[in-house]
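As C-alpha cells, the structure follows; a few thoughts come after it.
Owing to the predicted nature of the structure, the values given are computational and were not obtained by experimental measurement. Proteins get letters first, then strands, A, B, ... in listed order; numbering begins at 1 in each.
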Amino acid sequence: MLDQRLVRENPDKIASELGRRGKAVDLTRLQVIALKQRKLEEERSGLQAEGNRIGKEVGQKIKAGVDPKGEEVAELRQQGNAIKQKVAVLEEEEKHLSTQLKEQLLTYPNLPSTDCPDGKDETDNIELRSWGKPRHEQGLAEHWEIAEHLNLFDTERSVRIAQSRFVTLIGQGARLERGLINFMLDLHTSKGYKEVLPPVLVNSASLTGSGQLPKFADDCFRCSEDDLWLTPTAEVPVTSLHRDEIIPADQLPLRYAAYSPCFRREAGSYGRDTRGLIRLHQFNKVELYWFAHPDQSAEAHAQITADAEAVLRALELPYRVLDLCTADIGFSAQRTYDLEVWLPGAAAYREISSCSVCGDFQARRSAIRTKEGKATKLVHTLNGSGLAVGRTMAALLETGQQSDGSVVLPKMLVPYVGCERLQPE
RNA sequence: GGAGAGCUGGCCGAGUGGUCGAAGGCGCAGCACUGGAAAUGCUGUAUAGGGGCAACUCUAUCGAGGGUUCGAAUCCCUCGCUCUCCGCCA
C-alpha cells in the first residue's frame with residue numbers, strides 16, 4: 001500500500017511513477033478525499049477535546065459537592081450532548097472518506113524503484129547476466145516425454161483425482177521432488193536462513209497484507225465457508241508471520257526459507273503450458289523471504305537473488321538473470337530480478353525464480369515495523385523463489401537427458417535422490 | 001459437534017461508571033553504587049494520526065463493531081478469536 005501522506009502531498013509523483021508501469025491513474029479525486037478526511041479529523045478531535053473537558057468538569061463538580069441534578073450540571077450535560085451530536089456527524093463522514101481512501105489505495109500497485117528500467121512490456125526486460133552452457137542439440141525431448149518414458153508422474157489419472165493441471169508424482173518422480181525440496185532447504189539453511197513450514201490455508205488479512213487481495217482474488221482458491229484461502233505462495237504466510245509486529249532493529253534482517261505447496265487458479269491461461277510440470281494448480285516451492293532494515297534493502301535484493309542463483313549453480317542448470325522492466329514487475333514489487341532456467345527440450349528460457357524487493361509496500365499493509373531510537377519505521381520486505389520445484393525438475397530432466405532415455409543427475413543431488421541417474425525401472 | 005471460561009501495555013496481572021493510557025510485578029534501557037559484576041536504589045519504557053524548531057501537546061486505541069451516559073476498560077447487544085472438558089480423529 002502507498003503512503004496516504006503521499007496522496008495528500010504529492011499525488012503527481014504517484015501518477016507519474018505508476019505511469020512508468022503503463023498505468024494511467026488520476027489522483028485528483030483521491031487527493032480531495034484525503035485532504036477532506038484530514039480536515040474532518042482535525043475538526044472532530046478538537047470537538048472531542050472539548051467534550052472530554054466537559055466530562056471531567058462534571059465529575060469534578062459532583063465530587064466537590066455540586067448537586068448532580070442541579071442547574072449547573074444540567075447545563076454542562078447539555079453542552080456535552082451538543083458536542084456529541086456534532087462529533088457523530090463528523091465521524092460518520094470521516095469514516096466514509098477513510099474507507100474510500102483505504103479501499104482505493106489497496107488497489108494501487110507499488111511504485112517502481114528509480115533503478116527499475118522503464119518499459120512497455122516484457123520485451124523491454126534487460127538481461128543482466130547468464131551462467132552455464134545451454135544445450136542446443138537437435139531432437140532433445142521435452143520434460144514430459146522424458147518423464148513418461150521414466151514413469152515419473154501421471155497427469156491423466158490426476159484428472160480423475162482432481163482436475164486438469166494437477167500432477168501425481170510417482171516412484172522416482174516423487175523421490176526426486178522430495179529430494180529437491182530437501183536439497184534446497186539444506187542449502188539455504190546452511191547459509192543462515194531460518195526454515196519455516198507455514199500453514200497453506202491463509203486468511204484474508206494475510207492475503208491483503210502481502211498484496212494478493214483485494215485485486216487478485218480470482219487467482220486464488222478459496223474456502224468460502226471459512227475466510228480461508230489456499231496460499232498461492234509461501235510469501236503470503238511468511239509476510240504475516242510478523243504482521244502487526246515491531247521487530248527490534250538488532251534482529252534485522254530476518255531471513256526465512258519456507259517450503260510450501262502453492263495453489264493458483266491460473267485463470268486466463270487456458271491452453272498455455274498444458275503439458276508437463278510448468279503450469280499447475282498445485283506446485284511445490286521453496287521461498288526465500290527477508291525482513292530487512294530500510295537502509296539495507298538494495299544489498300538485500302542482490303543477496304537474495306544470489307542465494308536463489310546458488311541453487312541453479314549447484315544443480316548445474318544454465319540460466320540467465322533479467323532485470324524486469326516497469327511494465328513487467330509484480331503488483332507489490334519495486335524491482336524484480338527474474339531467474340530463467342534453460343529448458344533444452346523446449347529450447348527456451350523459462351522463469352524459475354522471481355526475486356523482488358517490495359520496499360515498505362507489504363510492511364505498510366501488514367504493519368511490520370522496526371524501532372530506531374524513538375521512531376518506529378516500516379521494514380522492507382523481499383522475496384525470491386529458491387526455487388520453484390516442479391520447474392526445477394523439468395529443467396533437470398531436459399538438461400540431464402541422454403540418448404538412451406536416461407537422465408543424469410547433478411552430483412549435488414545424488415545423496416538426495418539415491419542414484420546418479422534416472423532410468424526406466 | 002456439545003458444554004464452559006476468557007480476551008487489558010513486550011509479558012504476567014489489577015482494575016465493575018468519573019480526572020485511567022490504565023496499579024503492581026517481570027522484562028528492557030539509562031543513571032547511581034562497584035576494581036568489575038551480582039544484588040540494590042532511582043528514572044524511564046505502548047501504538048497510530050494531528051499540531052509545534054523543540055520541550056511538549058491534542059485525538060483515538062483495554063479482541064472488533066454498535067448502544068446507554070455529560071463521562072465506559074468497567075453497563076447492554078452483536079460478532080470474532082483463544083483456552084479447557086467431552087465426543088470424533090491423523
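- Comparing the P positions of B:rU16 and B:rC20 gives an interatomic distance of 15 Å, to the nearest angstrom.
- Side-chain contact, A:T336 with A:S356: a donor N or O sits under 3.5 Å from an acceptor N or O.
- Of the candidates B:rC70, B:rA60, B:rG18, the closest approach to any side-chain atom of A:Q48 belongs to B:rA60.
- When both distances must be under 3.5 Å, the Watson-Crick or G-U wobble mate of B:rC62 does not exist.
- In this structure, A:E42 reaches the sugar-phosphate backbone alone: every heavy-atom distance under 4.0 Å involves primed, P, OP1 or OP2 atoms, never a base.
- Checking B:rA72 for Watson-Crick or G-U wobble geometry (two distances, each under 3.5 Å) identifies no partner in any strand.
- To the nearest whole angstrom, the two C1' atoms, one in B:rA90 and one in B:rA5, are 28 Å apart.
- Between B:rU47 and B:rU34, the distance separating the two P atoms is 35 Å to the nearest Å.
- Spacing of C1' atoms, B:rG50 relative to B:rU68, comes out at 30 Å, to the nearest Å.
- For the pair A:Q78 CD and B:rU69 P, the computed distance is 15 Å after rounding to whole Å.
- Donor-acceptor pairing under 3.5 Å, judged by distance alone, is present between the side chain of A:Q60 and the base of B:rU19.
- Between A:E71 atom CD and B:rC70 atom P there is a gap of 17 Å when expressed in whole angstrom units.
- Using modelled atom types and a 3.5 Å distance limit, the side chains of A:D328 and A:N125 yield a donor-acceptor pair.
- Nucleotides B:rA46 and B:rG21, compared at atom P, are 15 Å apart to the nearest Å.
- Within the 4.0 angstrom heavy-atom criterion, no nucleotide atom of any strand lies near A:K39.
- In this structure, CD of A:E75 is placed 12 Å from C1' of B:rC70, rounded to the nearest angstrom.
- Using a 4.0 Å heavy-atom criterion, one finds that A:R364 contacts no nucleic acid atom at all.
- In this structure, the NZ atom of A:K69 is 14 Å from the C1' atom of B:rU69, given to the nearest Å.
- Shown here, B:rA32 forms a base pair with B:rU40; the pair counts as Watson-Crick or G-U wobble because both key distances fall under 3.5 Å.
- Taking only side-chain nitrogens and oxygens, A:R369 comes nearer than 4.0 Å to OP1 or OP2 of B:rA48.
- Only the C1' atoms considered, B:rC76 is 31 Å distant from B:rG24, to the nearest whole Å.
- Pair check for B:rU19 finds none; no Watson-Crick or G-U wobble contact set falls under 3.5 Å.
- Taking atom P in both B:rA73 and B:rG67, one finds a spacing of 15 Å when rounded to whole Å.
- Of the side-chain N and O atoms in A:R44, none sit less than 4.0 angstrom from OP1 or OP2 of B:rU59.
- Remark: B:rC53 base-pairs with no nucleotide; criterion is Watson-Crick or G-U wobble with both hydrogen-bond distances under 3.5 Å.
- Backbone-only contact: A:I246 has heavy atoms under 4.0 Å from sugar-phosphate atoms and none from a base.
- Contact annotation: A:K84 reaches the phosphate of B:rG71 (side-chain N/O to OP1 or OP2, under 4.0 Å).
- Between the side chains of A:D227 and A:S204, at least one donor-acceptor pair of N or O atoms lies under 3.5 Å.
- For A:S366 (side chain) and A:G209 (main-chain N/O), a donor-acceptor pair under 3.5 Å exists by modelled atom type.
- Residue A:R53 places none of its side-chain N or O atoms closer than 4.0 Å to OP1 or OP2 of B:rU19.
- Across all strands shown, the partner of B:rG10 is B:rC26, judged by Watson-Crick or G-U wobble contacts whose two distances both fall under 3.5 Å.
- Between A:N52 and B:rG18, a side-chain N or O to OP1/OP2 separation shorter than 4.0 Å is absent.
- Residue order along RNA chain B, read from the 5' end via each residue's closest nucleotide, puts A:K371 first among A:E50 and A:K371.
- Atom CD of A:E43 and atom C1' of B:rG49 are 16 Å apart (whole Å).
- A salt bridge does not link A:E340 with A:R350: every distance from a Lys NZ or Arg NE/NH1/NH2 to an Asp or Glu carboxylate oxygen is 4.0 Å or more.
- A:E177 and A:N284 form a side-chain donor-acceptor contact under 3.5 Å, judged by distance and modelled atom types alone.
- Separation of atoms CG (A:L90) and NZ (A:K95) is listed at 14.0 Å; rounding is to 0.5 Å.
- At whole-Å resolution of the value, CZ in A:R38 and C1' in B:rA60 are 13 Å apart.
- Straight-line distance between the P atoms of B:rG6 and B:rA14: roughly 12 Å, to the nearest whole Å.
- In this structure, B:rC85 and B:rG2 make a Watson-Crick or G-U wobble pair, each of the two defining distances being under 3.5 angstrom.
- Atom NZ in A:K56 sits about 11 Å away from atom C1' in B:rC58, given to the nearest Å.
- The 5' end of RNA chain B is approached more closely, in terms of each residue's nearest nucleotide, by A:K377 than by the other of A:K377 and A:G51.
- The phosphate of B:rA48 (OP1 or OP2) has a side-chain N or O of A:T376 nearer than 4.0 angstrom.
- Of all non-hydrogen atoms in A:G405 and A:L150, the two that sit nearest each other are O-CD2, 3.8 Å.
- Remark: P of B:rU19 and NZ of A:K61 are 18 Å apart, rounded to the nearest angstrom.
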